[in-house]
Each structure stands twice: as C-alpha cells, then as structure tokens.
Participant: 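Have a look at this one.
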Protein chains: 4
Amino acid sequence: MRMEPKKAIPSMVKDPKLIEKRREQIVEAAVELFISKGFHKTTTREISRASGFSIGTLYEYIESKEDVLYLVCDAIHQNMERGLKEVLVNGVSGAVMLKAAIEGFLRVMDEMQDRVLLIYQEIKSLPKDTMKYVMAKEEEITSFFEEILHRGRKDGSLNIDEPLVKLMAHNIVVLGEMWTFRRWSLRKNYTLEQYTEIQTSLILHDLTGK
Amino acid sequence: MRMEPKKAIPSMVKDPKLIEKRREQIVEAAVELFISKGFHKTTTREISRASGFSIGTLYEYIESKEDVLYLVCDAIHQNMERGLKEVLVNGVSGAVMLKAAIEGFLRVMDEMQDRVLLIYQEIKSLPKDTMKYVMAKEEEITSFFEEILHRGRKDGSLNIDEPLVKLMAHNIVVLGEMWTFRRWSLRKNYTLEQYTEIQTSLILHDLTGK
Amino acid sequence: MRMEPKKAIPSMVKDPKLIEKRREQIVEAAVELFISKGFHKTTTREISRASGFSIGTLYEYIESKEDVLYLVCDAIHQNMERGLKEVLVNGVSGAVMLKAAIEGFLRVMDEMQDRVLLIYQEIKSLPKDTMKYVMAKEEEITSFFEEILHRGRKDGSLNIDEPLVKLMAHNIVVLGEMWTFRRWSLRKNYTLEQYTEIQTSLILHDLTGK
Amino acid sequence: MRMEPKKAIPSMVKDPKLIEKRREQIVEAAVELFISKGFHKTTTREISRASGFSIGTLYEYIESKEDVLYLVCDAIHQNMERGLKEVLVNGVSGAVMLKAAIEGFLRVMDEMQDRVLLIYQEIKSLPKDTMKYVMAKEEEITSFFEEILHRGRKDGSLNIDEPLVKLMAHNIVVLGEMWTFRRWSLRKNYTLEQYTEIQTSLILHDLTGK
DNA sequence: GATGAATGAGCCTTCATTCAT
DNA sequence: TATGAATGAAGGCTCATTCAT
C-alpha cells in the first residue's frame, strides 16, 4: 500500500514537534465537534476552546478553517490505514487473506462509523485542490483490496477476471461504508457479526464458488 | 410502494396552484446552486435571483432556507420514484423483474447522479425533524427492491432466504448510489453499461446460481 | 371643553360612511394588538387580518402604519372624553363637582388602563407633526379640570390661587395616569376605592382645608 | 436603600475593566440615540459607530440589541440613585429631610428629564424577564421616600398614617416624573423653582398641617 | 372597492481572520 | 509562542408598502 503525499500546511511556528503536538490537539477537538455539529456549524472559536488554547494560537498552526477539516480527514484516514494493516496476515492464500481483510475492515468501519460518515459528508467543503489529497486516500484503501484480489488471482485461490478486480475492490469498500451510512436501517435488522458473515459469504461465493 | 407523507411547509400565499408553480421555480434554481456550490455556500439571495424573483417573494413560499433544501430533496426523490415506477414490468417472474429493475435503477441513478450526491451530502443540514421525512423516502426505495425480491422468492425464480431479503435490497440500492459517489474512480474504468452488466450478473449469480 | 381639530387622514375610498366603518374595525383590531405586543412589534398584516380584511384594503383607508396609531390614540381619547362628560353634574358647587369629577375620572382611568398606558408608551412613535394632535387632547383633559377649579374658585367653594389652578389640574390628571402606569405597585396595596378616597381627600384637603 | 441585583450580561471579552469601559462607551452613545430616535429606530450599527467601534466589537460586549437598552436603563437608574443619595442630610428631622429630598429629587429629575422619559417609553421593549430588574429599581426609588416618611412618622415631625406612607411615596415620585413627561405644558407655566416650591408646600401641608 | 402577490431596503447578528501586545 | 480584542463582510429574514387584477 503506497502512501499518498500529504498536503503541507504552513505554520507560523518553527518547532515541528510542537506543530505535531498542537495539531493533534486540534484534530482531537475538531473531530468531536464536526461529528456532533457538522463542519459548517462548528466555529473556529469552538475548535480553539476545545483544543485548549486561544483562537490566536489556533491560527499559528493552520491557515484557514478548512485546514482543520483536512487535518481531521487525514487523521481519520491514518487511523483507518493502521486498522487495515493490522489485519494483514502473511503466508496465507489470497482467499484466506481476503476473508480476514473484509472482517477486519468491517470491524474498523464499525468502530469508526462516525468518522467515516464525517469524511463522506464534509469532504465537499474542502477546497477543490485539497479534496484531491483526501480522495487519493480513498483510492488507496480501494487499492488495498485490489492487491489482495490480485494476489488471490495469482495464487489461484480466487476466481476473478482482471477487469473485474477494481470493481470488486470498490464493492468491498462500499460494503464497509454502507454499514456506516445506512446504519439507521441496517442496525435495526442485523448485528455487525451477521452483517459481516452474510456479506463475506456473498463475496466469497462470487469469487470462489463456495 | 407506499407513499410517505410529505412535510407541509406553510406559505403566506393562498393560491395552491401558484405555490406549486413558484416552488417548482425555487427547486429548479436551488438544485443547480446546491450542486455547484453546496447548500451552505448558496445564499438565499442567490436562490431568489436564480428563481426569477425577489428575496421577499422567496420568503412568501418558504419559511427558512432549510425549507428549500427539503423541497429540493423531496423533488429529487419524486423524480427517482417516477423513474423507478416506469421500470416495473408486470406479468414476468421476479428474477426477470429484478434484472429490469436494477438496470432501470442504475440508469436513473446515472441520470441523476448530481442530485443523488446532493441528497447524500446535504441531508444532515436538515433540521432533525425534517430529516426523517427524507430518510423515509430513502427507506421507501429500498423497500421497492425488497418487494421484487419477495415476489421472486415466492414464484421460485429467486433463491433467497427471508432474512437476507432486506440486506440484499440495501446492497442493490447501494450499488446505485456508489455509481454516483465513487464516480471519480468508477467512470475511469467502466462505462455505465459495463458497470450494469457486471453488477447485475453478480447479483443474479448470488440469487439464481446462474 | 373645546374640541381640538382632528388630523385628516386621506383615503382612497369616497364613501365617508364606509370610511368610518372600516376605520372603526381597524381601531378595534389595532388597539388589542398594540396593547398586547406594542406598536412596533405589530405588523400591518396582523392589523388587516384582525380587522377582517386584506392588507390591500387596509391601505385604502390609511396611508401608513403610523396613521393607525393616530387613529387608535384618537379613539381612546374620544372614549375618555365621553367618560368625563358623563361625570359632569350641574347646579352644584365647584367643590362638589370636583369631587365627582375626580371619582369619575379615576373610574374611567381604571376601566381604560391598558389604553391609557398605550398612549403613554407609543405616542413618541407618531410623526412629530401628528403627535401634536394627540398632545392637544391631553391638554384638553387637563383643562377640563382647570375649568372646574375655576368655577370653584369663583363660587368660593374652592380656596385656590389663580396661578395654582393649572398645576393642580395637572396634578389631578397625573393622579389618574399614575393609577395606570404604577399599577404594578399600587394594585398590590390599594383598591380603586381606597385609592380614590385617599387621593380625593388629599386634594380637597388642600383646596378646602377640610 | 437596598441595592437590587443586576442582570449579568455575558461578554466574549475576558478583561472586566475593558468590559466596563466599553459598556460605558456603548451606554453613552446609545442614550443619545435612544433619546433622539427611540429604541426601535436606532440601529445596532448606529450604536456601534457612535460608540467608536465596529459592529463586531459591539457584539463582543452584548448579546442583543435589547441588552443595550438594559445597560442604558441601568446606567440611568444608577445616576438617579447617586443624585438621590447626595441629597440625604443626616441629623435632622424627617420633615426637614423630606423637604430636602423632594427638592433634590426634582433637581435630579430636571437634569435627567430626557433619560427618565426614555425609561418610561422604552421599558416595555425589554424582554419580560429583564424588565423586572428595571422595575425593581423603580420600586427602590419609591422606597427611598417611604423610608424618609417613616422616619418623620417616628420622630413626630410628620403626621401620616401608616397605610398612607406607601401611597404618599408614590405621589412624590410621580411628582418628579410628571415634571419630565408633562414638560410640554408645565414648562410653559412654571419654572423648576416654582414647581418645586408649590409641590413641596402642598406635600408638607398635607403632612404637617403647615 | 377589495384583494393579495410582489418588492427590496434594511435589520440584527455571526464568525473567520488579523495583529498588536 | 501565545493571547484575545477588534474587524466588517456577509447572511438570513422581515415587513411596510405598492399595484395589477
């Protein structure tokens, strides 16, 4: 999984350690606020207050409110990536790996549902330019599954045509996202375990015939 | 497909015909604006101007900016419903009907992609109360596919367990939505026809074994 | 009691009977609204609705919202005058007449408290020009008591110097007004009868020594 | 004279000294504007401009336009209190004290006539809740005279029955207010000195027989 | 005469951002 | 580095008044 370049956000402060620390505070505060009130209804004052410092200080570490949104999206993606990497088991067939990856992915999506939803709903508020960085991350996650599918294709454990790989990877990712943004209905009818079990077996049925 | 009740938006104007006409103008203007700039960045003045009348007149037909968003969401859903209904063929098996419905649904989603996206991204800006009306519509669409699946189950043309019906309906709807909100990637790799063909065959493979 | 000239308010309508009728409707509706919400917070729409006709019709009988306020003030003053005139007894001494007049005046003020207050609080919203007409009415009421005092002075029943007459008249009128605009405190401690009794005896004590 | 609690108006600014200073500027500017144009016809922009800062800054020190009105009323009352306190002479009989108090009170009312009028005419524009604070001040002033009357009653210098005390205190206060809100007529006929002399002697005549 | 839809100036308030300390 | 007071453009909404029907 190749890492996408980050967007560099200028800061008035020199010390990189401090920048990192402060931005962590900002993100932690902002995530909660964005989730509960949305990006537009959250004020910079609220962000600075919840971050534990003044509005002036906030602007020492960012250049605009939208930077905070970028920082937040980026941090969320980082978390997702961490969760995905933990799931990877080596020395097994692509099929086995896929099953584990889907299960792990759905577990991560379940834990991060509010954050996933946040990205989906607020991404459009990013400047066109910045949005690309975030979309790239999204693509990265898709390619995570693409790679597993490829591996299974090569080792013969998965029965899938080349042109189908990309789409199937999308399907899997959407499976996870749908658990977050259709939760109002899905939760009423299925537990995470049930959901995982059914969706996994549908996918594997398609790809292995079993 | 049972119709959900609409939220009644009070108007200062008495003539219902006129209300309908003006609200159509409002919706037409607002959809474009919301799609291109987003709900929050669109001003009420812009809406009124694009609708062809003054800000005062706009407020004769709505009570708040959020009402416009509701009107827009409602109109979009109505269009979707119309599209879906046209697709229904009678006197055929559930399986055949499902295939046609998916194709038709994807066609509709493709035509309305911007609008579908709009609903997904701005729905959270609706007052909690109003949001329910819009979510109900969303559920309605899902149940459209649920009913087809049920019919196929009964006539034996579809092989699906009862508890799976709801989830499969969701899967199908998400299939359509994903064509709109992952278009940045899907379009690069698949045409609508390819997408339809692959997804339909995956679904039918799951449900008919063929 | 010489009548002050009224301000003439132009109307689009020719029939004077109709004008009078409509304006009565307007006043009746507006008084209630002004009392409960104040002049500024009452809209012309509300006035027309409460009057029983459309906003367009309202403006056939007035030229501005302030005209309504004038109409209202004028009607209230007319009522007060009517009340005062009823109180006048002839063929008695000035002292007896004064006692009766004060009692009657206080009764009228008690009955019309909300309206009296209304004039006091909203009079400043009248155009400078129009305000004069209303102030003149106020002066008229004062001179009502002035005349009684004069009569008592002449017939020897009241012991009062000429230059004191005007001030005493004012004092009496203010006595009545104070029952309306200090009611939040006076009502807690005195009934109208007690209030009347005390104030009357204070006045008469000053003017007759008894 | 027991002090009534003030209504606390939240401010975005932390420094209490600065808050006080800025609010003084606001009050100074707003009093003039309210007197000349009335509360409703004065805009917040005018207030901020006349205060010497921007509209944004104005709202750092208040939460709503009505807060300004409260601030203004409160400041006026404070001035009145200061004026009243200066008038108090100790070590004298209640009767002597009363005479001095009335004279002082009328002098204060004369100096502050526009402001007194302002309170009377705009108090109703305050939120019900806030109005109570202002009314309490009004009561406070009445009780200032009540106390003097009580003292005179106790030391035998004033001849007044207990139940009459409250009403007489009201009468005195109204005497002062009437000098402001009937000035259009009183000024034409009496100077402040004449007015004071006559009213004082009427009161004292009632209370001492002299 | 009556109606009521249309108008738009103008109001109060918010909030991202700056900059002197 | 940190602070927080100051700024003012901009936004949502109201309402007195007009005028075509």
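Everything quoted here is computed from the prediction, not taken from an experiment. Numbered from 1 within each chain, the chains take letters A, B, ... in sequence-line order.
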Participant: Strictly below 4.0 Å: does C:Thr44 bring a side-chain N or O up to OP1 or OP2 of F:dA16?
Facilitator: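 For F:dA16, OP1 or OP2 has a side-chain N or O of C:Thr44 closer than 4.0 Å.
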Participant: State the dot-bracket string of DNA chain E. Criteria: Watson-Crick or G-U wobble, both atom distances under 3.5 angstrom; notation: ( ) intrastrand, [ ] crossing earlier pairs, | interstrand, . unpaired.
Facilitator: .||||||||||||||||||||
Participant: Select base, sugar-phosphate, or nothing to describe what D:Thr42 touches, counting heavy atoms under 4.0 Å on all strands.
Facilitator: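 D:Thr42: backbone/sugar contact only, no base atoms under 4.0 Å.
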Participant: Output the single nucleotide from F:dT14, E:dG1, E:dA5 whose closest atom is nearest the side chain of B:Ile55.
Facilitator: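 Nearest to the side-chain atoms of B:Ile55, counting from C-beta on, is F:dT14.
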Participant: Does a side-chain N-to-carboxylate-O contact under 4.0 Å join A:Lys37 and A:Glu32?
Facilitator: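 No salt bridge links A:Lys37 with A:Glu32.
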Participant: Closest to the A:Phe53 side chain: F:dT7, F:dT3, E:dT18?
Facilitator: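 The closest nucleotide is F:dT3.
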Participant: Measure from CG on D:Asp67 to P on E:dC12 and round the result to the nearest Å.
Facilitator: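 It works out to 13 Å between those atoms.
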Participant: Which whole-number value in Å describes the distance from D:His40 NE2 to F:dT14 P?
Facilitator: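 Spelled out: NE2 on D:His40 to P on F:dT14 is 16 Å.
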Participant: Answer yes or no: is there a donor N or O on one side and an acceptor on the other, between the side chain of C:Asp67 and the main chain of C:Glu63, under 3.5 Å?
Facilitator: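 Checked: pair present.
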Participant: Determine, for D:Lys41 against D:Glu122, whether the closest basic-nitrogen to carboxylate-oxygen distance falls under 4.0 angstrom.
Facilitator: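 No.
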Participant: Just by modelled atom types, is the D:Lys7 backbone N or O under 3.5 Å from a matching donor or acceptor in the D:Tyr70 side chain?
Facilitator: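 Between the backbone of D:Lys7 and the side chain of D:Tyr70 there is a qualifying donor-acceptor contact (under 3.5 Å).
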Participant: Can you measure B:Leu18 atom CG to E:dA6 atom C1' for me and round it to whole angstrom units?
Facilitator: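 Atom CG in B:Leu18 sits about 10 Å away from atom C1' in E:dA6.
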Participant: In terms of the nearest nucleotide of DNA chain F, which residue is placed more toward the 5' end: B:Lys65 or C:Gly56?
Facilitator: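 It is B:Lys65, whose closest nucleotide lies nearer the 5' terminus.
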Participant: Quick check: on DNA chain E, is the nucleotide nearest C:Thr57 upstream (toward 5') of the one nearest B:Ser54, or the reverse? Name the residue that is more 5'.
Facilitator: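 This one resolves to C:Thr57.
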Participant: Would one find a side-chain N or O of B:Tyr59 under 4.0 angstrom from OP1 or OP2 of F:dC13?
Facilitator: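 Checking F:dC13 against B:Tyr59, a side-chain N or O does come within under 4.0 Å of OP1 or OP2.
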Participant: Using whole Å, report how far CG of B:Leu58 lies from P of F:dC15.
Facilitator: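 In whole Å, F:dC15 P and B:Leu58 CG are 16 Å from each other.
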Participant: From the list E:dC11, F:dG11, E:dC15, which nucleotide is the closest neighbour of the side chain of B:Thr43?
Facilitator: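 Of all the options, the side chain of B:Thr43 is nearest to F:dG11.
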Participant: Quick one: does NZ or CZ of C:Lys65 land under 6.0 Å from the six-membered ring centre of C:Phe39, within 45 degrees of the ring axis?
Facilitator: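 Flagged: C:Lys65 positioned over aromatic ring of C:Phe39.
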Participant: Atom CG of A:Asp15 to atom C1' of F:dA2: distance rounded to whole Å?
Facilitator: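 After rounding, the reported distance stands at 14 Å.
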Participant: Could you state the atom-to-atom distance from CD of A:Glu60 to C1' of F:dT3 in whole Å?
Facilitator: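 Answer to the nearest Å: 9 Å.
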Participant: Which label fits C:Tyr61 and C:Phe53: parallel for a plane angle under 30°, tilted from 30 to 60°, or perpendicular past 60°?
Facilitator: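 Plane angle between 30° and 60°, so tilted.
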Participant: Which is true for C:Arg49 with a 4.0 Å heavy-atom rule: it touches a base, it touches only sugar-phosphate, or it touches nothing?
Facilitator: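 Touches nothing.
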Participant: Could you state the atom-to-atom distance from CD1 of D:Ile26 to C1' of F:dA5 in whole Å?
Facilitator: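 Atom-to-atom, D:Ile26 to F:dA5, this comes out as 13 Å.
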Participant: What's the CD-P distance between A:Glu66 and E:dA16, to the nearest Å?
Facilitator: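 So the CD-P distance, A:Glu66 to E:dA16, works out to 11 Å.
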Participant: Would you say the side chain of B:Arg45 and the base of F:dG12 hold a donor-acceptor pair, judged only by whether the two atoms sit under 3.5 Å apart?
Facilitator: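 For B:Arg45, whose side chain was compared with the base of F:dG12, there is a donor-acceptor pair (under 3.5 Å).
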Participant: Using a heavy-atom cut-off of 4.0 Å across all strands, would you classify C:Ser48 as base, sugar-phosphate, or nothing?
Facilitator: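 Since no nucleic acid heavy atom lies under 4.0 Å of C:Ser48, the category is nothing.
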Participant: Which residue lies toward the 5' end of DNA chain F, D:Tyr61 or A:Lys14, if each is placed at its nearest nucleotide?
Facilitator: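 This one resolves to A:Lys14.
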Participant: Which nucleotide in the set E:dT13, F:dT1, E:dA2 lies at the smallest distance from any side-chain heavy atom of D:Ser64?
Facilitator: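 My answer, after comparing the listed nucleotides, is E:dT13.
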Participant: Look only at the side chain of D:Gln25 and the backbone of D:Ser51, and say whether a donor-acceptor pair between them is shorter than 3.5 Å.
Facilitator: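 Such a contact is found between D:Gln25 side chain and D:Ser51 backbone.
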Participant: Does the ring of C:Tyr120 carry D:Lys124 above it, NZ/CZ under 6.0 angstrom from centre and within 45° of its axis?
Facilitator: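 Output no; distance or angle outside limits.
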Participant: A:Met12 near the nucleic acid: base, sugar-phosphate alone, or nothing, with a heavy-atom cut-off under 4.0 Å?
Facilitator: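 It contacts nothing in the nucleic acid.
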